[in-house]
There are 2 protein chains.
Amino acid sequence: MDVRADTRARVEQAALDLFTLNGFEQVTADDIAEAAGISRRTFFRCFATKADAVWGEFSAHVDRLERLLAATRDDQPVLASICAAYVEVNDYAAADLPILRQRMALILGEPALQAHSQVRYADVDRVVAGHVARRTGQSPVALLPRLVATSTRAAATTAFEVWLADGTTTLAADLHAAFDQLALGFPGLRTLSSR
Amino acid sequence: MDVRADTRARVEQAALDLFTLNGFEQVTADDIAEAAGISRRTFFRCFATKADAVWGEFSAHVDRLERLLAATRDDQPVLASICAAYVEVNDYAAADLPILRQRMALILGEPALQAHSQVRYADVDRVVAGHVARRTGQSPVALLPRLVATSTRAAATTAFEVWLADGTTTLAADLHAAFDQLALGFPGLRTLSSR
DNA sequence: ACGTTAGAGACACCCAGTGCCACCCGGCAA
DNA sequence: TTGCCGGGTGGCACTGGGTGTCTCTAACGT
């Protein structure tokens, strides 16, 4: 199983490189298997779908987000705690940033991966909605918890897009900028045509 | 082509009913074709994918949303104009509500359709972001236009979920409730544990 | 009556994903 | 050494979504 984890990482990198080079749709499972030196069947044992090869250990990130939210203090505004948790969970070492860029460029750029991402985001939303529900005493399926969950995730995704496209900003800074707009009801909309 | 549109509608209804009854994944394209009395190949000429059969004339809705946004007056707050446009474009006749419920229950409930929806939503987001960009003089790909687009869409989707789950509320009322929370920076978060 | 053309079916094909079985190899008891 | 066992692997066949292509037919104008 040590070998197994190693294989998984090797397959993942091969897939990432092929997807980046040729586009997600153009790369077949056979291509990845061949590049990684395994059989097609083994590829699908490492990753349930082609798309999963791009997401790495995402469920671990969701678990970490959940723990971070559970550990927040109650005197902190709800949105601030969510923002801090998002920043914390996306605090990568400088050495890991290139691979993060590669991953996110695929996820945000390839239609098939955008589609798949919705399923992953649903897990994130459940966690955030649960946090808001706990803090406000509402049901997790009520309007406010759900709305906060989806719109904070929208903020995070948008911050990622801007970070990816710009290249000069910090992910943490972009996340804070997006959350600030959201928490204040889009004050940027009130300074019209400032250009 | 009169026949064509007629066929399309018949196929769509057959697909909708089969999906509702047996689940999206369980129904094959052959099943739908047989139920509609056409060949499998013809089904895929009516709808590019199985998922598209659920969405009907969605691009027409997006076009209508775009026209509604273009027609808004500039002295109206940006968020208010977007909310009004969303309400307007989702103003169905009472007779059409059952089929809308059926459609949305599938889209919001079936994982495969949730995934597909992301691609459709991207078109909506482009339109809304363009509107915000025009109103604020910013680039459509800047943080604020994108953020407003994604979070208003999140609000609309959440409103749909609540409307669908509740059954006693009006879609317009739920949309307004969600947009109000968003526009005011979630005032509901400040009345903690009111239960 | 004649070609023309769009819609439909038939068929072959590609690829994602799954179930099943056979194999190989390291460990372990007799 | 022999035999058994269990996990990782490959091979293979199969289902199902989606596409390209050919053919047929039926409506159309002249």
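We name chains A, B, ... by the order of the sequence lines, and we start the count at 1 in each one.
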Notebook entry, point to check: Does some side-chain heavy atom of B:H116 sit less than 4.5 Å from a side-chain heavy atom of B:I107?
Noted result: no

Next item on the list: Please list all pairs passing the side-chain hydrogen bond (donor to acceptor under 3.5 Å, both in side chains) test where one or both residues lie in residues 89-111 of chain A, with sequence neighbours left out.
Entry: A:E12-A:R103, A:D17-A:Q102, A:T20-A:Q102

Next item on the list: Mind calculating the distance between CZ (B:F43) and P (C:dG7) to the nearest angstrom?
Entry: 18 Å

When you compare the protein's N or O atoms with those of nucleotides 21-27 of chain D, which come within less than 3.5 Å of each other, and at what distance?
none

I'd like a table of donor-acceptor pairs (distance under 3.5 Å, sequence neighbours excluded) in which one partner is a side-chain atom from residues 79-87 of chain B, with atom names and distances.
residue, atom, partner, partner atom, Å
B:S81, OG, B:V78, O, 2.6
B:S81, OG, B:H131, NE2, 3.2

Item checked: Atom-pair distance (CD on B:Q26; P on D:dT15), nearest Å -> 17 Å

Checklist line | A:I38 CD1 - C:dC23 C1' separation (whole Å) | finding: 18 Å

Note to self: Within the 3.5 Å criterion, strictly below it, is a donor on B:D174 or B:T169 matched to an acceptor on the partner's side chain?
What the structure shows: yes

Notebook entry, point to check: In whole angstroms, how far is the C1' atom of D:dT9 from the CZ atom of A:R8?
Noted result: 17 Å

Notebook entry, point to check: Parallel, tilted or perpendicular for A:F43 and A:F47, by the 30°/60° rule?
Noted result: tilted

Checklist line | Members of residues 110-123 of chain A that approach DNA chain D, where some heavy atom sits under 4.0 Å away | finding: none

Margin query: Check this for me: A:E34, atom CD, are more than 12 non-hydrogen atoms of other residues, nucleotides or ligands nearer than 6.0 Å?
Written below: no

Margin query: At less than 4.0 Å, is any side-chain N or O atom of B:T42 found next to OP1 or OP2 of C:dA8? Yes or no.
Written below: no

Note to self: Rounded to whole Å, how long is the line connecting atom CZ of A:F47 with atom P of C:dT18?
What the structure shows: 15 Å

Margin query: Using the side-chain heavy atoms of B:T28, tell me which of these nucleotides is nearest: D:dG16, C:dG9, C:dA16.
Written below: D:dG16

Notebook entry, point to check: With sequence neighbours excluded, what pairs up with B:E57 under the salt bridge (Lys or Arg N to Asp or Glu O under 4.0 Å) test?
Noted result: B:R8

Check: Whole-Å distance between C:dA16 P and B:E25 CD?
Finding: 17 Å

Checklist line | Atom-to-atom span, CZ of A:R40 to P of C:dA16 - whole angstrom | finding: 7 Å

Margin query: Under 3.5 Å, is there a donor on one side chain and an acceptor on the other for B:D30 and B:T28?
Written below: no

Next item on the list: Measure the distance from NZ on B:K50 to C1' on C:dG17 and round it to the nearest whole Å.
Entry: 14 Å

Check: What residues, two or more places apart in sequence or in another chain, satisfy ring pair (Phe, Tyr, Trp, His ring centres under 6.0 Å) together with B:F24?
Finding: B:F19

Item checked: Residue A:F44, side-chain heavy atoms: nucleotide from C:dA10, C:dT18, D:dG17 that is nearest -> C:dT18

